[in-house]
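Report on the structure given below.
Whatever order the structure lists ligands and atoms in, that order sets their numbers, starting from 1.
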Amino acid sequence: MTFDVVFLGTGAAVPVPTRGTTSQFVDIHGHMYLIDAGEGVQLALRTHKRKFQKLKGIFISHMHGDHVLGLPGLLSTMSLLGRQQALDVWGPPGLKEWIDQTWMSIQAHLSFPIHVHCWDDEAPKVLVEGERHRLVSIPVKHRIPCCGLRVEEHALPWKLKGMKAKEAKLPFHVRQALKRGESPEFEGQQLDPTSWCVAPPAARSYVYSADTRPCQSLRTQGQGATVMYHDATFNAADADRAKATYHSTTVEAGRLARQADVGTLLLGHISLRYRDLEALRCEAEKEHGRVLVAYDGLVWHVGS
Ligand SMILES: [Zn+2]
C-alpha cells in the first residue's frame, strides 16, 4: 500500500531555487493531502508531477508566510482549472477569515466549496478518521499558535490460522480477541496470539513537527513514528538563536527523535546560512542513529 511523502520545500523563511519554503505532499493509500503551502507550492507540485486536483485536504501548521503564502495561488489555479470537488482545509484560528478576505479583495470566486476547520492548539485532535488511515494534529511550541501533524495507518487485524482454530473449536469471541492481538482465556488457558495468528505488518506513521522548540507533546505524539521530519533550522552553535526564534537545532531534533524512539529522522526547515549539510547531519547523528537532511524533491516511501 502506498505511503509516500514528497518534500516540495525544505527551506526556512526565504525561498531560493534550490530550497523552497515548507510544503509536503502526502499519498497514503491513494488519499492525497498537502502539508503547508509555502510560496511556489503549485509550481513545485507540477515539477514533481503530483496532481493537485486530487488533493482531499490541505493542512496549514501556522500563519507564518513561509508556510501559507502559496495557498491563495494554489486555490486560484485549482478553481481556474475547474475543480468541483470540495476541499477540506485545516489550520489555525483566523485562516478562514484570511481566505475569505483574499477572495473578496480580488473580487473572484472559487469553483468549488472549501471547508475550513480549526485545529486545537491545546490538545491533539483527530482531523481525518479514514477507513485505513488517520490524521492527527499535534500542538507544538512556536512564536504563534502552531500544530504539527501525525499521518498514520490503522493497525491491521491479525490473521487467524483457520484450520488450527477450527480443530481446537475456538468460539467466535475468542477468535475475535486473538485477531485483535489480545491473549484471551480458553478452557482455563491463556492463549498466545502469536501462536494462533500471523501478525500483520507494523502500521506505519509519518510525523511532521512544523516550526517548534522541542516539546513534550511532540515527544508523546511522535512516539514510535516510522519517520519524523523535524525543524532543524539552526546548528548546535546557534542554539541561542533557535531558542529566541522558537525553532530547534540539529542536536535538539536528534535528541527528541531518540527520546520518541523514531525510526528515521529527516532534518528540515534548514536555514540558508548553512552550506555544509553533512555537518548538520553529523550533529544530529550524535543523538540518533538514522538521520538524513531532507531536500526539495525527496520522495520518501514510509516504511521502506
Ligand atoms: Zn514559523
Might you confirm whether atom CD of Gln42 has over 12 heavy atoms from other residues, nucleotides or ligands at distances under 6.0 Å? yes

Which atom name does [X] have for its N/O/S atom nearest to the Zn ion (ligand 1)?
X	result
His64	ND1
His142	NE2
Asp211	OD2

Could you tell me whether Arg83 sits above the aromatic face of Phe112, with NZ or CZ closer than 6.0 angstrom to the six-membered ring centre and within 45 degrees of the axis? yes

Is it true that some N/O/S atom of His67, main chain or side chain, lies under 2.8 Å from the Zn ion (ligand 1)? no

Before we go on, tell me: are the rings of His67 and His269 under 6.0 Å apart, centre to centre? yes

Between Thr212 (side chain only) and Pro214 (backbone N and O only), is there a donor and an acceptor less than 3.5 Å apart? no

